[in-house]
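Here's the structure we're looking at; comments come further down.
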Amino acid sequence: MKTYETKNVRNVVLLGSPKSGKTTFAESMMFEGKVIDRRGSVEGKNTMSDNTEIEQIYQRSIYSTLLYAEYADTKFNIIDTPGSDDFVGGVYSAFSVCDSGIVLVNATQGVEVGTEIFIRQAQKAGKPIVVAVNQLDSDKADWHQAIDSLKNVYGGKIVTIQFPVSVGADFNAFVDVLKMKMYRFKDDNGTREELDIPADLMAEAEELQQQLIEKAAENDEQLMEIFFDKGSLSEEEVRSGLRAGMLSDEIFPVFCLSAKKDIGVKRIMEFVTSTLPNPGEHEAGLKDGGSIKIEANGPTALYFYKTALEQHLGDVAYFKVMSGTLKEGMDLVNPETGDKERVSIIYAAAGKKREKVSEMKAGDIGCTVKLKSVKAGQTLASGTDTVYAPTKFPDPKFRTAIKAKEEKDEEKLGEILNRASAEDPTIVVEYSKELKQTILSGQGEHHINILKWKINNVDKLEIELMAPKIPYRETITKVATADYRHKKQSGGAGQFGEVHLLIEPYFEGKPENNKFKVNNQEMVLNVKGKEEYPLEWGGKLEYYNCVVGGAIDARFMPAILKGIMEKMTEGPLTGSYARDIRVYVYDGKMHPVDSNELSFKLAARNAFKEAFKKAGPKIMEPIYNIEVMVPSDCMGDVMSDLQNRRALIEGMQSENGFEVLKARIPLAELYRYSTTLSSLTSGRATFTQKFAEYQQVPADVQEKLLKAYEESEKDE
């Protein structure tokens, strides 16, 4: 393969809902680009992407795949991405290195929730997109319904470039109103003839061409002047206006496509080559918040967007050349860590087919192997300390607890999970000291089940998934006192410590106080010292020393604090963390011989526990804000399910043809919600979640939690 200049590279991400035909489209692009001489099929399990065993079992994309094609003196780097929301991480990483997107819309379905999600992501990333209505050869294809659904969601942004002569099994021709030609296809291998537009289609073609010209002129003042002067624009002028409109997110050009029959693939590639920007026309974001132009004249710098472990090859690292020229055998440095790496070999990748190249210039995408420590999101460079901005991935939507069936395999499982998270940053692994569980989070239950399959079948390790415990918090609602004497005598030196304390609720900004009413009796405390402890799990402990007359020696006060803090890490109600409490130690007793730090720690621990139970204790639960995007015909079922999950609906609005529900819901009720939502809406809805705050649980829920904790304590 020759070395491509930056201006002759196009980096394109393929987007669309499941079954929209991205993988088949990628096959046809590679066929047109002479990378393959025979197209595979998803059903035949022989495509260049979807090449892993699990993807072939499910017959759908699960991982993003880098492919390439060489066409019209241009190198296309193509990233085929998964259509399911569960595997959206591949889309986010692809946008970090691609300069434009092609969105496939299924001609039998029109705009789906997935379509809307991916177009929204492209808009957020500032990347122009082309829309291709695919599967026009299907018996159930409906071109007009697909266009109407696009216009309903995106209004005047939808600009028709082509329309089919007919749809269904005999679909073999379309009219292109940019070229003002009809293209008819002789076979299923992209062989086409360019014809004049038939008379019976000319009126429709001229009407759409006029709409196209007017829309192109809207996006450029000079073109507008030419249009007003001449009443029309040349093809090049229209193309210039389209380009400006696409870059400003004002135009989504729509093309006809049958990826399976290779109808329309070549025209889309021609349009991308002639109209969409090359990498040098974009700026890349920097970690410090700035941006920098991508150019071949600068120092060499690579951004790594993905890593993967492949059988027989080891660790594969996928990169985009952000600056300069990468040459085989080049030594580079990680500007953040100082680690040195040698890029001993460079590949252009088409799935598992890789072609060795000697160099790549800025804007090109490739992969290499056997780097020592590079992770996704990192930069390697020579002669510059520039660090490119890592990809920001969406928050997880599904969490589960995981453990190895055999305790001896826990360490191995930890290594596997860490590797999985490095390969797919939307997999989040955390050992919770509080819950005493390893918590595995992802984008959905299917996402996690795919990982489970891989651990079972590739790593040959048996694991268990279970509902994760909820990180409740415990606190109090009123003032209470308690005292406790710890006394133990067993020959020789004994143990003795007695602590009297008072506790009250704390909240931010609460005024200090030394007068209390407990059991109808007034108490006035003499505050000698105060310490504040922000708690790592949220909230605060305020610790007051009010001991007078030497009842407790000052050297025992740290031990008393330690006892209280120990009990706060294992609250009296459910063993959860306690928070937002003021503790006043105001009296006690000690023994000249038997008192020691351990005695006072145990006395304080038990006094705190007793006072806590008398202070109107309450359990707090984590509450999440969720936003659900749902088709209007499923709204009733989704709302009903949310209300059954103790959710509080806060509002709803229409957005781009879908309904958006906003609600607050307890984390305890979110377990497997992604699965239920998918079931209720046939996979047409999606949601996001974000932690909001802790709130008191209802009385009936608290009662259940207390009983469950008591039972677990008995069992232990």
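All residue numbers in this chain count up from 1 along the given sequence.
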Least distance between heavy atoms, [X] atom then [Y] atom:
{"X": "Ser373", "Y": "Asp339", "value": "OG-OD2, 3.5 Å"}
{"X": "Leu561", "Y": "Tyr533", "value": "CD2-OH, 3.2 Å"}
{"X": "Pro82", "Y": "Ser64", "value": "CD-N, 4.0 Å"}
{"X": "Ala376", "Y": "Thr307", "value": "N-CG2, 3.9 Å"}
{"X": "Tyr58", "Y": "Ile450", "value": "CE1-CD1, 3.5 Å"}
{"X": "Lys540", "Y": "Tyr506", "value": "NZ-OH, 3.5 Å"}

Original post:
Any chance the rings of Phe87 and His446 have centres within less than 6.0 Å?
Top reply: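 Close enough - the centres of the two rings lie under 6.0 Å apart.
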Compute whether any side-chain donor of one residue and acceptor of the other, for [X] and [Y], lie under 3.5 angstrom apart.
{"X": "Tyr709", "Y": "Ser576", "answer": "no"}
{"X": "Asn418", "Y": "Ser421", "answer": "no"}
{"X": "Thr686", "Y": "Asp85", "answer": "yes"}
{"X": "Glu536", "Y": "Tyr577", "answer": "no"}

Original post:
Can you list the steps and then say if Glu542 with Lys510 is a salt bridge (Lys or Arg N to Asp or Glu O under 4.0 Å)?
Top reply: CA-CA 11 Å; Glu542 288 193 349; Lys510 182 171 182 173; over 6 Å; no
**OP:** Test side-chain contact (heavy atoms from CB on, under 4.5 Å) on Leu541 and Leu535 and set out the steps.
**Re:** CA-CA 7 Å; Leu541 166 68; Leu535 304 168; 4.3 Å; yes
Original post:
With respect to Tyr673, which candidate in Tyr624, Phe398, Phe687 satisfies the ring-ring contact (aromatic ring centres under 6.0 Å, His included) definition?
Top reply: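 The passing option is Phe687.
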Subject >> Worked verdict on Met635 versus Val638 for side-chain contact (heavy atoms from CB on, under 4.5 Å) >> reply: CA-CA 5 Å; Met635 182 71 125; Val638 171; 5.7 Å; no
Subject >> Option among Arg672, Lys452, Arg399 that satisfies the salt bridge (charged side-chain N to carboxylate O under 4.0 Å, His left out) test with Glu445 >> reply: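 Testing each of Arg672, Lys452, Arg399 against Glu445, the sole residue satisfying salt bridge (charged side-chain N to carboxylate O under 4.0 Å, His left out) is Arg672.
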Point-to-point distance, once rounded to the nearest 0.5 Å, from [atom1] of [X] to [atom2] of [Y]:
{"X": "Lys397", "Y": "Thr675", "atom1": "NZ", "atom2": "OG1", "answer": "11.5 Å"}
{"X": "Arg582", "Y": "Tyr544", "atom1": "CZ", "atom2": "OH", "answer": "4.0 Å"}
{"X": "Arg485", "Y": "Phe496", "atom1": "CZ", "atom2": "CZ", "answer": "4.0 Å"}
{"X": "Leu451", "Y": "Ile402", "atom1": "CG", "atom2": "CD1", "answer": "6.5 Å"}

**OP:** Determine, stepwise, if the pair Phe95 / Thr391 fulfils side-chain contact (heavy atoms from CB on, under 4.5 Å).
**Re:** CA-CA 9 Å; Phe95 271 130; Thr391 305; over 6 Å; no
Subject >> Pairs involving residues 426-439, ordered by first then second residue, that meet side-chain hydrogen bond (donor to acceptor under 3.5 Å, both in side chains) (sequence neighbours left out) >> reply: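 Sorted pair list: Asp424-Thr426, Glu434-Arg473.
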Exercise answer: donor-acceptor pairs, residues 610-621 side-chain atoms, under 3.5 Å, sequence neighbours excluded:
from, atom 1, to, atom 2, distance (Å)
Lys614, NZ, Thr481, O, 2.7
Glu621, OE1, Arg646, NH2, 3.1
Glu621, OE2, Arg646, NH1, 2.8

Let me check something: any side-chain donor-acceptor pairs from residues 458-467 under 3.5 Å, sequence neighbours excluded? List them with distances.
from, atom 1, to, atom 2, distance (Å)
Asp459, OD1, Arg419, NH2, 3.1
Lys460, NZ, Asn457, O, 3.0

**OP:** Apply salt bridge (Lys or Arg N to Asp or Glu O under 4.0 Å) to the pair Asp409 and Lys405, showing each step before the final yes or no.
**Re:** CA-CA 8 Å; Asp409 292 328; Lys405 281 196 174 174; over 6 Å; no
Original post:
Going through the checks in order, is the salt bridge (Lys or Arg N to Asp or Glu O under 4.0 Å) test met by Lys562 and Glu597?
Top reply: CA-CA 10 Å; Lys562 191 174 182 182; Glu597 290 183 354; over 6 Å; no
**OP:** Assess whether side-chain contact (heavy atoms from CB on, under 4.5 Å) is satisfied between Asn526 and Cys546, documenting all intermediate values.
**Re:** CA-CA 5 Å; Asn526 180 17; Cys546 305; 5.6 Å; no
**OP:** Applying side-chain hydrogen bond (donor to acceptor under 3.5 Å, both in side chains), run through Tyr63 and Glu423 and close with a yes or a no.
**Re:** CA-CA 10 Å; Tyr63 311 106; Glu423 291 183 13; over 6 Å; no
**OP:** State, yes or no, whether a side-chain contact exists between Leu440 and Ile427 at a heavy-atom distance under 4.5 Å.
**Re:**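 They are in contact (side-chain heavy atoms under 4.5 Å apart), so the answer is yes.
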